[in-house]
Amino acid sequence: MQHFLSLVLLCLCRPGCGEQRDDVYIFDTWNSLKTCALSLWHVRHYIYSTIVVAIGVWATVEYLSKNHNKQKNEDNIAPNEADEVIQNGHLVQEVKEVHIAGVKIFFGSQTGTAKRFAAILAESVQKLGLPVEVIDLKEYDPDENLVEEVYSKTICAFMISTYTDGKPNESAAWFCKWLEDATHDFRYGKTYLKGLRYAVFGLGNSLYENHYNTVGKNIDMWLWMLSASRIMTRGEGDCNVVKSKHGSIEADFDDWQATFLSRVQALCKEENKECSGSCQKGKCKTNDQKHNKEFSQNEEVPEKMKDHSSEEEELFETTSEEGSGVEDETESSVLDVEDLGNVMNNMKEAKQEREAVKKVKQKTSKRAVGKNEGAEPREMITPALKNALTKQGYRLIGSHSGVKLCRWTKSMLRGRGGCYKHTFYGIESHRCMEATPSLACANKCVFCWRHHTNPVGTEWRWKMDEADMILKEAIENHQNLIKQFKGVPGVKADRFAEGMKVKHCALSLVGEPIMYPKINELVKLLHHNEISTFLVTNAQFPEEIRKLEPVTQLYVSVDASTKDSLKKIDRPLFKDFWPRFLESLKALADKKQRTVYRLTLVKAWNVDELRSYADLIEIGKPDFIEVKGVTYCGESSASNLTMANVPWHDEVVYFVQQLADLLIDYEIACEHEHSNCLLIAHKKFKVNGEWWTWIDYDHFHHLVKEYQENNGSKMFCAEDYIAKTPPWALFGAKQRGFDPVDTRFLRKRKKDISGC
């Protein structure tokens, strides 16, 4: 440092010399700088030490200052967070302990039911005077927010539905994935959510036995494994009204909600802080803990949790009321070696007692099930289902049937054209009744027109109405629907009059009509009234197809050509859905009357399976193959289909042409551009180079009458009641399948979304 100061003084005080001395001064300056730098390098350790000490002093001062301010803030609690009390003559404030800060309701919904229940629960909680928040799990980040619920003193309610194959719906998928991973991740630990209080209500359908309420059970299990505490038993809502504990999923929810609100009120009143009278190892067991343990005993332990650890399993199954006797003999948590044998014996005895109790409960449960099975069957149409279907325009009949006016019936009444059945087979759309004797179905197809508001089932377990009653009321309801068009502008008087007389019946409204045990009786009654029958089945009931009486035309829906794609598109309930599907096609091949494959093309799902479709056609050998682009029925949370999945008509034509090239005995016969549909027909319906795909309905009824009069001995086949197809209905005609006697009504939308 001395050299550096000398250099500075030298620079300041040196006299102004001539240019001859400039070089000398520059040289001296450089040497002085070098000397200064070397001096600093030698004393560098002293400089570093001084800097470190200064930083340490500064940090200590800042830390003490913050602690002092924090203590002052804690001493100055806001009035709304404390109670004012008098102590020693002075006014002081006492902090209130909040037991429930509010309720957060999380929902993961596919069809909107869980979301609706969440809203109902939120309204009920608000009436208790508690803050409430409804959260869509799709918008919730558990990694950032879930642990905060541990300290927020909120009650967390989870409304979770189970989707296909027991998997969570799209909105809850990430939450479930994160929660499952957290239970196996050592970085979180088993006590990660200790202090979180929760309740779960799962939504499912017991017909899916292997996956019933799986998501709700898993979330309950994962939260418990992370040390969260239940405030009540998990609720299970069952869409299957036959096995629902309270008759419907709405009633199941109402019962669970009542218990939930009661528990919340109890926690608000600090009832959980009172001793239950059953203390273990010097630790007081509260009512809340007691309730939680009781639930654990009664709950079936998932297999995944059983494998977690024997210690956890024991905790999960044990309650404070089971009275093993160990605690009475050992007041402390320390045992003498001499007492260990007695303790182990007592534990074994307690476990044997629990197993005996469990067996008694199982026997009681079986007896209860037996009584339920012997009880009178329930009605298929519940009040909730009735409201939903009525809003959609259904006229419900009895306890399981219904009719609905097809949009093509309305169209033909106005002279705006008929449906593809008019083009392909010559039906009169304004005289066609769309009905079903069974609203239940064995599939939950992604393109379901009714958005799955109808019930599902694999067998008939409901009350059954008589066939004559169903037909009578179906015709009456259909006529009443037709009457509504009297005087409507554009409705033709002659067609209105004809529409009052039903000539055709499409048993394809919704559900699975072949499930109805008296379907043959209903078909006979329809034919007796000279009403033709077009029956559609989803190819899951092969035996019923074999037993079916002759119908005018029998359809089988072939929505996919491989096992995987059929499962993805139809989402069948049967575990053996693929063998059933193939057997149904084989049963169709044995039928003598007209048979049809109905192919629904879903873009990006099943349009690339040409060879597989050709193989299935070889199995069933249908007379006709209808290929139609999927109908988009508006937005539905039950399906992820959009308009992007609807193929253009040109795309359907291309698919049909490719498929026809793979078939030896088939050709493209007809086209109905308006409904995005084409018909491939067997060559036996091409007589002398002309197509005969239409139906002689009068002759059909004559043949059926002879068949019934001869007790089925006088059989007839599809070729016996054919009629010539008009030129305008043929593939390649300029009319593209539109009847020229009517006036074409073009919609503003380029794609037809109304279906037929």
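Excluded from the calculations below are hydrogen atoms, water molecules and symmetry mates; all remaining heavy atoms, backbone and side chain alike, are included.
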Just how far is it from atom [atom1] of [X] to atom [atom2] of [Y], taken to the nearest 0.5 Å?
X: Asn529; Y: Ile475; atom1: CG; atom2: CD1; value: 5.5 Å
X: Lys404; Y: Met433; atom1: NZ; atom2: CE; value: 15.0 Å
X: Ile617; Y: Ser561; atom1: CD1; atom2: OG; value: 9.5 Å
X: Glu626; Y: Leu599; atom1: CD; atom2: CG; value: 9.5 Å
X: Arg744; Y: Glu673; atom1: CZ; atom2: CD; value: 5.5 Å
X: Tyr208; Y: Cys239; atom1: OH; atom2: SG; value: 10.0 Å

Would you please classify the geometry between the [Y] ring and the [X] ring as parallel, tilted or perpendicular, with 30° and 60° separating the classes?
X: Trp460; Y: Trp462; result: perpendicular
X: Phe716; Y: Tyr707; result: perpendicular
X: Tyr555; Y: Phe534; result: tilted

Taking only Lys NZ, Arg NE, NH1 and NH2, and the carboxylate oxygens of Asp or Glu, determine whether Asp623 and Lys684 approach each other closer than 4.0 Å. yes
So does Lys714 pair up with Glu706, basic N to acidic O under 4.0 Å?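 Answer for the salt bridge query: yes.
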Looking at [X], I want to see if its [atom1] is surrounded by more than 12 non-hydrogen atoms of other residues, nucleotides or ligands under 6.0 Å.
X: Lys115; atom1: NZ; answer: no
X: Lys683; atom1: NZ; answer: yes
X: Lys463; atom1: NZ; answer: yes
X: Lys567; atom1: NZ; answer: no
X: Lys386; atom1: NZ; answer: no

Donor-acceptor contact present, side-chain [X] to main-chain [Y], <3.5 Å:
X: Ser532; Y: Thr552; value: no
X: Glu651; Y: Trp648; value: yes
X: Ser429; Y: Gly418; value: no
X: Asp465; Y: Ser399; value: yes
X: Lys591; Y: Ile545; value: yes
X: Thr423; Y: Gly737; value: yes

Taking ring pair (Phe, Tyr, Trp, His ring centres under 6.0 Å) as the definition, give me every residue that meets it alongside His702, ordered by chain and number, with sequence neighbours left out.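 His702: ring pair (Phe, Tyr, Trp, His ring centres under 6.0 Å) contacts with His699.
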If you measure only the distance, is there a donor-acceptor pair under 3.5 Å linking the side chains of [X] and [Y]?
X: Thr693; Y: Thr725; result: yes
X: Ser171; Y: Asn169; result: yes
X: Tyr163; Y: Arg571; result: yes

Write down the atom of [X], the atom of [Y], and the distance for their closest heavy-atom approach.
X: Ile381; Y: Gly398; result: CD1-O, 3.9 Å
X: Trp694; Y: His422; result: CZ2-O, 3.3 Å
X: Phe574; Y: Gln540; result: CD1-OE1, 3.5 Å
X: Met515; Y: Thr458; result: CE-C, 4.3 Å
X: Ser438; Y: Thr436; result: O-OG1, 2.8 Å
X: Ser713; Y: Asn710; result: OG-O, 2.7 Å

Side-chain heavy atoms of [X] within contact of [Y], under 4.5 Å:
X: Tyr597; Y: Leu585; answer: yes
X: Leu582; Y: Trp578; answer: yes
X: Tyr721; Y: Gln593; answer: yes
X: Arg598; Y: Val627; answer: no
X: Ser675; Y: Tyr420; answer: yes
X: Leu548; Y: Leu554; answer: yes
X: Ser557; Y: Val536; answer: yes
X: Val556; Y: Val596; answer: no

Given salt bridge (charged side-chain N to carboxylate O under 4.0 Å, His left out), test Arg414 with Asp742 step by step and report yes or no. CA-CA 9 Å; Arg414 298 179 178 183; Asp742 287 333; over 6 Å; no
Centre-to-centre under 6.0 Å for [X] and [Y], is that the case here?
X: Tyr697; Y: His504; answer: yes
X: Trp692; Y: His682; answer: no
X: Phe685; Y: Phe624; answer: yes
X: Phe496; Y: His430; answer: no

Does anything in residues 511-535 form a salt bridge (charged side-chain N to carboxylate O under 4.0 Å, His left out)? List the pairs, not counting sequence neighbours. Glu466-Lys518
Evaluate the criterion salt bridge (charged side-chain N to carboxylate O under 4.0 Å, His left out) for residue pair Glu543 and Arg546; output intermediate values, then yes/no. CA-CA 5 Å; Glu543 290 304 316; Arg546 291 189 175 95; 3.2 Å; yes
Carefully, step by step, assess Glu583 and Lys586 under the rule salt bridge (charged side-chain N to carboxylate O under 4.0 Å, His left out). CA-CA 5 Å; Glu583 284 300 314; Lys586 293 176 183 177; 3.5 Å; yes
Residue from Lys734, Arg736, Lys628 passing salt bridge (Lys or Arg N to Asp or Glu O under 4.0 Å) with Glu671: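 The salt bridge (Lys or Arg N to Asp or Glu O under 4.0 Å) with Glu671 is passed solely by Arg736 among Lys734, Arg736, Lys628.
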